[in-house]
Number of protein chains: 2
Amino acid sequence: MRQPATSARAATPSAPGSVGDVRKANLVRVLSVIAAAGEDQRLSRADIAQLSQLTKASVSSLVADLLAAGLVIEIGVHRDGERGRPSVGLILNPTRCVMGMEINVDYIAAGLVDLKGKLLAHGILPRTNHGSTASEVLTALGELSQTLQEAARSQGLMILGGGLAVPGLVQEDQFTVLQAPNLGWVEQNLDVASLLPEPKTRFRLFNEANASALAQQQLMDAQDRDFLFVSGEVGIGGGLIIDAELFIGPQGHAGELGHVVIEPDGKRCSCGGRGCLETIAGQEAILAAAGLGAGTDNASRQERISQLYQALQSGTDVAVNAVAEAGKSLGVAVASALRLYNVSTVVFGGHFAALEQWLRPAMEASLHEHAPSIADQARLLRSPLGQTGALVGAARSVVGDLLEAPYQLVD
Amino acid sequence: MRQPATSARAATPSAPGSVGDVRKANLVRVLSVIAAAGEDQRLSRADIAQLSQLTKASVSSLVADLLAAGLVIEIGVHRDGERGRPSVGLILNPTRCVMGMEINVDYIAAGLVDLKGKLLAHGILPRTNHGSTASEVLTALGELSQTLQEAARSQGLMILGGGLAVPGLVQEDQFTVLQAPNLGWVEQNLDVASLLPEPKTRFRLFNEANASALAQQQLMDAQDRDFLFVSGEVGIGGGLIIDAELFIGPQGHAGELGHVVIEPDGKRCSCGGRGCLETIAGQEAILAAAGLGAGTDNASRQERISQLYQALQSGTDVAVNAVAEAGKSLGVAVASALRLYNVSTVVFGGHFAALEQWLRPAMEASLHEHAPSIADQARLLRSPLGQTGALVGAARSVVGDLLEAPYQLVD
DNA sequence: GCCATTTAGTTTATGTCCTGAACTATATTG
DNA sequence: CAATATAGTTCAGGACATAAACTAAATGGC
């Protein structure tokens, strides 16, 4: 069971090498040119020919297929003030979309993302998922999905596929969650068939940090082709983008920054190890260090987190120090990760984004202390992604798959 | 799914998408089938047609081009005991080769590697390169190369390209060594033009650990498509193979295991950081911990290393403990790296291979302590590569490039 | 108002390359 | 020596990109 390892993409058809493959490749080429166009840009066939290095004749023929497949539509345009025959604008079909979904510890979410990667509609439902079985959660998510499917119908949107993000290790090809300690799941098989209406063309399962990294990618400059996204949720996840592609490693679990060893003689971790980053910079670890550990005042985690922010705002030493300590450890983990991956940009999301002002000084100092030769080029960014980040990323990745295999939709 | 950055291969021609590209792809396909054949296997055109999924007609035509390019030769075969027209055997041209070279701290080396990846001839010249300028070392290497070129001439071998491995960070596209602290080099531009005879088709520069990883790959089972090679030389390098391709990261420096942070409050490292693996498990660190630090008895490093092995053989506590301590730290670094890369096989080369029996127990214990959930699946192997490893790997990689771009040689 | 100019897009002839089927070449078996 | 089996080549046909010619539809100058 060989997995496409580094990107989990439907690899270029490696079957025979016939002339037909050229057309497949060129369909992708044309489509990617159209997809890369700016928001209000309406490329003509002539523009595409120039950008894609194909001839006008080829482009016309390829575009005809894409129109037939419904991936692209024509928009008549009369360019004022210029001579010559006016061009016909071509854009990605705005009525085609993909459903993105997320199951997190404290909520479920779903939304519709168009072929441009824009979130058209979404719903977030608070829900305590820890302890629920997968099927219970999926039932709730299925209802949320139904609501969005109706919204899609009323707006004339066609749903072409779906992506689901969960906070844990996944085995994508079998729709299985291998481990999601924060959900209390071990080896849960997800029956995702009911989440989407027919005809879906593709459904994929993602780790939450990986999906968020994909969403973050959309927000970055086009030249930022490499970065590490660090997701501070209940656990600490990581998603790595290399050469503008998600790098997931041989079994799809690369980027697990939360279990990088920071203190060889440190505390026991939930993973069974010792001294992992999560034991110092995980949500519960920070809370505990700030004197707000589980059980304090019988408060829920949400309440304790609120208390933490209050304490930070008022400058309470124990809280400030707890976060600074986490920042120091994050700096160490980042130093090692940057060395191993050879990336120079790190984007922090989740509670790390929220804690930024208290985290950053210690983190930067630690990075300079432990890897001065790369610290100066390193960029540490705060992610603006909110609760919809993971679902958008999951959907966007499925959109990417569709755009890279348009011939599956061409008759 | 573009791939260039992660594998540094001559990417599939991403220019226009013409019918001619099909032929290029099919040339590669046919050639890779021939290259994948066993040592004594002589595939016929019919065999190739079956294995490559192409028709006999196509294969005949493609093979004709490969014969013309000199990459493949025919060997007449009469298969006894079978009916039908006998087949004509096809094998990679055994008279084509690539020169692999290495500059290390204590020696320079060069050798000829055929298209099958076999080392045909080689020379190793002890030389203290630390302190020499790049041009001095290259002059010496050029002489060694001349010797091998004469050997090649006398055996009728044609040299198609070359690869050079150095113990440091390289910028391949400019033939520049950015840093090689153990050679005392900073930003050295290598004038490699004189190292090879014309017509060379390709020359590449490698980090030593990366090149060794490529050589190790040749020794692994075909299904071992992912592993981390850890090279214990004067420094500690790493080479990562993902999905049977070298992963070098955005700037080509991924895998720097030597500067993973093991002890956040540890010793200052030569890289400027603190607590890096090299400060504990580097050659000098182990020697120092064993009471054989630089300057001891005015002995050279080679002599001190000999003393270390003697002390280990006789069970001297301080030496045994020094190596065990290094093993523990290696276990920590490996735990983090396996988590970040999601590979499960690690191969140890250089002095780590030599120290295996003293290193392994502590390393395994440490890995189980710090990452028990993955330690059981992890395989820690000892590399049998000797001093020719890096040069073979560098050459083999260039061979791979040639076999993946045969159309450059086809008229 | 008309014609030259300009740009968009289509049509057509051509060449490349793969495919499948027919065909040739060369062996073994009875 | 004929039947059979396997290897490899030849040839007609189709898919596709290309370049150049051609049609379509606007603007601008006179």
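Residue numbers start from 1 in every chain, and the chains themselves are labelled A, B, ... in the order their sequence lines are given, proteins ahead of strands.
For B:Q50 and D:dA7, the CD to P distance is 9 Å, given to the nearest whole Å. Look at NZ on B:K24: it is 17 Å from C1' on C:dC18, rounded to the nearest Å. Atom CG in A:D21 sits about 11 Å away from atom P in D:dA17, given to the nearest Å. Rounded to a whole Å, the CZ atom of A:R29 is 9 Å from the P atom of D:dT18. The interatomic distance linking B:R83 (CZ) with C:dG30 (P) rounds to 7 Å, in whole Å. Note: CG (A:D65) to P (D:dA17) measures 9 Å, nearest angstrom.
With sequence neighbours excluded, the residues satisfying salt bridge (charged side-chain N to carboxylate O under 4.0 Å, His left out) with B:R23 are B:D65. The side chain to side chain donor-acceptor pair (under 3.5 Å) check on A:T55 picks up A:S58, with sequence neighbours excluded. With sequence neighbours excluded, the residues forming a salt bridge (charged side-chain N to carboxylate O under 4.0 Å, His left out) with A:D224 are A:R379, listed by chain and number. Here A:R42 pairs with nothing under the salt bridge (charged side-chain N to carboxylate O under 4.0 Å, His left out) rule; sequence neighbours left out.
Checked for salt-bridge contact, B:K24 and B:E404 miss the test: no charged N lies under 4.0 Å from a carboxylate O.
Here the side chain of A:L62 is nearest to one of C:dC18, D:dA17, C:dT6, namely D:dA17.
Considering only side-chain N and O atoms, A:T55 lies nowhere under 4.0 angstrom from the phosphate OP1 or OP2 of D:dA17. For A:N26 and D:dA17, the shortest distance from a side-chain N or O to OP1 or OP2 is below 4.0 Å.
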Q: Report, as a single string ordered 5' to 3', how protein heavy atoms within less than 4.0 Å touch nucleotides 8-15 of chain D: B base, S sugar-phosphate only, - not at all.
A: BBB----B
Using a 3.5 Å cut-off and no angle test, enumerate the donor-acceptor pairs between side-chain atoms of residues 31-40 of chain B and protein atoms at least two apart in sequence or in another chain.
unit_1, atom_1, unit_2, atom_2, d
B:S32, OG, B:V28, O, 3.4
B:S32, OG, B:R29, O, 2.9

